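Shown next, in structure tokens, is the structure this report addresses.
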Amino acid sequence: MTVHSKLNVLVTRDLPGDAISRLRERLQVDLPSPDEEIGHGRLVEHIVDKQGLLCLLTDRVDAEVLANAPLLKVISVCAVGYNNVDAEEATRRGILITNTPGVLRETTADLAWALLLAAARRIPDGDRMVRSGGFAGWSPSLLLGHEVHGKTLGIIGMGDIGTAVARRAAGFGMRILYHNRNPSSLAAEVGAEMVSLDHLLSNADFVSLHVPLIQSTHHLIGKRELDMMKPTAILINVSRGEVIDEVALVEALKMDRIAGAGLDVFENEPKLAPGLVGLKNVVLTPHIGSASFETRERMANMAVQNLLVGLECGRPQHLVNPEAFHG
Ligand code: DGY
């Protein structure tokens, strides 16, 4: 592939592996030093002479950034979720947007299960007890949790990752319900039954969220939905924090209206809703769904490849706004 070396790209953060050095071999790369602040201001300032942008889900690529990017041709997001980009405005300006689907599916599904098991079986409570010297020996009622095998798993958003989470449930002999905009062609493979959102919420023992963040999924789970869940149910979120009304969730957990939650993502990341950290019935991880050595390297390679193809005027394999491509 030949990309003209005079092209300038902005990379907002160094990535694992050697993907960025491969980018440097072909393009002028503007990469902040590790101690440099990477804020919105820097993005607005540095985008002005760039044809390409390789960004993270934490970089807000809004109308202000795009208005200051007269040369920009490609935005390569190193994530599957690209809700950080004003896609409508980018498309209007003819800028291609790409993401990194597929490569993080299994890793993210693993983390959903780690949270599910940790919340159900109270692993963090047990870990804290043992470390603090509070373990005084086996006891019949010590840290009782909820069984997982044989229960009902409800998947909201039966896409790539939702299906991978559902597939793992076979080993636990679980019944699987799912809710999706359209019937999923993958559901039969995992024996999942499509139901309404309300049916899923009131029947599932574990509810796992796998929807993209779009207007219709913002606060998809709020007070009404939490009230519908079983008091013994556990809510898992590895998608985007804004899918849950976090204030309503804190209230539901505080009042034991549901049994627990496992959260990898937060509504105002990295800030947490008041009261969340004080709750015992929630397991929290810092947005690490795709954080394995192998997956982060695959994501970086894919993001670089998408950028190079787009800058070469080709159609990137993982283009999310084909309407902006005029090959
Ligand atoms: C994504 O890719 O959207 C995840 O949230 C981060 O890996």
Side-chain angles (χ1 to χ4, degrees), residues 11-17 19-20 38 43 53-62 74-87 90 96-116 155-165 168 180 207-221 235-244 246 261-272 283-307 310 316-321:
V11 177
T12 60
R13 189 89 57 96
D14 203 4
L15 299 173
I20 302 302
I38 311 144
L43 195 52
L53 169 65
L54 197 162
C55 65
L56 311 180
L57 58 91
T58 45
D59 299 312
R60 186 160 43 88
V61 186
D62 57 11
V74 186
I75 300 170
S76 171
V77 184
C78 191
V80 65
Y82 55 93
N83 53 285
N84 59 308
V85 179
D86 183 339
L96 307 184
I97 307 169
T98 64
N99 69 344
T100 62
V103 286
L104 50 82
R105 173 188 57 227
E106 303 299 328
T107 310
T108 307
D110 286 348
L111 190 86
W113 269 92
L115 286 172
L116 188 157
I155 303 278
I156 301 181
M158 194 67 142
D160 225 20
I161 299 174
T163 308
V165 170
R168 284 156 175 72
N180 219 29
V207 174
S208 197
L209 303 175
H210 302 286
V211 291
L213 176 63
I214 51 177
Q215 223 168 14
S216 60
T217 60
H218 182 264
H219 283 192
L220 180 68
I221 303 296
L235 179 64
I236 304 299
N237 192 11
V238 296
S239 62
R240 284 291 181 269
E242 296 95 319
V243 173
I244 299 179
E246 210 167 273
L263 307 175
D264 185 47
V265 288
F266 305 94
E267 189 170 352
N268 296 301
E269 229 166 277
K271 290 191 191 129
L272 305 180
V283 180
L284 308 171
T285 50
H287 205 150
I288 53 168
S290 62
S292 71
F293 293 108
E294 298 92 333
T295 291
R296 285 288 164 82
E297 212 170 309
R298 283 195 289 262
M299 289 166 71
N301 287 336
M302 189 179 267
V304 162
Q305 180 69 7
N306 284 334
L307 188 60
Q317 198 185 346
H318 307 105
L319 182 63
V320 300
N321 61 341

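Atoms within a ligand are numbered from 1 in the order they appear, just like the ligands themselves. Remember, it's a predicted structure, so these values are computed and weren't measured experimentally.
- The side-chain contact (heavy atoms from CB on, under 4.5 Å) check on Ala303 picks up Leu54, Ser76, Cys78, Thr100, with sequence neighbours excluded.
- One distance of note links CG of Leu43 with OG1 of Thr12; it measures 7.0 Å at 0.5 Å rounding.
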Starting from the N and O atoms of ligand 1, collect every protein N/O partner closer than 3.5 Å and put each pair on its own line with the distance to 0.1 Å.
{"residue": "ligand 1", "atom": "2 (O)", "partner": "Val80", "partner atom": "N", "Å": "2.7"}
{"residue": "ligand 1", "atom": "3 (O)", "partner": "Val80", "partner atom": "N", "Å": "3.4"}
{"residue": "ligand 1", "atom": "3 (O)", "partner": "Gly81", "partner atom": "N", "Å": "2.9"}
{"residue": "ligand 1", "atom": "3 (O)", "partner": "Arg240", "partner atom": "NH1", "Å": "3.4"}
{"residue": "ligand 1", "atom": "3 (O)", "partner": "Arg240", "partner atom": "NH2", "Å": "2.7"}
{"residue": "ligand 1", "atom": "5 (O)", "partner": "Arg240", "partner atom": "NH1", "Å": "2.7"}
{"residue": "ligand 1", "atom": "5 (O)", "partner": "His287", "partner atom": "NE2", "Å": "2.7"}
{"residue": "ligand 1", "atom": "7 (O)", "partner": "Ser290", "partner atom": "OG", "Å": "2.5"}

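- Defined by atom type and a distance below 3.5 Å, a donor-acceptor pair is present between the side-chain atoms of His287 and Glu269.
- Applying the salt bridge (Lys or Arg N to Asp or Glu O under 4.0 Å) definition to pairs two or more places apart or across chains, those involving residues 101-116 are Arg105-Asp160, Glu106-Arg167, Glu106-Arg168, Asp110-Arg168.
- Applying the salt bridge (Lys or Arg N to Asp or Glu O under 4.0 Å) test to every pair with at least one member in residues 290-300, sequence neighbours left out, gives no pairs at all.
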Take Ile156 and Val207, measure what side chain to side chain contact (heavy atoms under 4.5 Å, CB included) needs, and give me the verdict at the end. CA-CA 7 Å; Ile156 301 181; Val207 174; 3.7 Å; yes
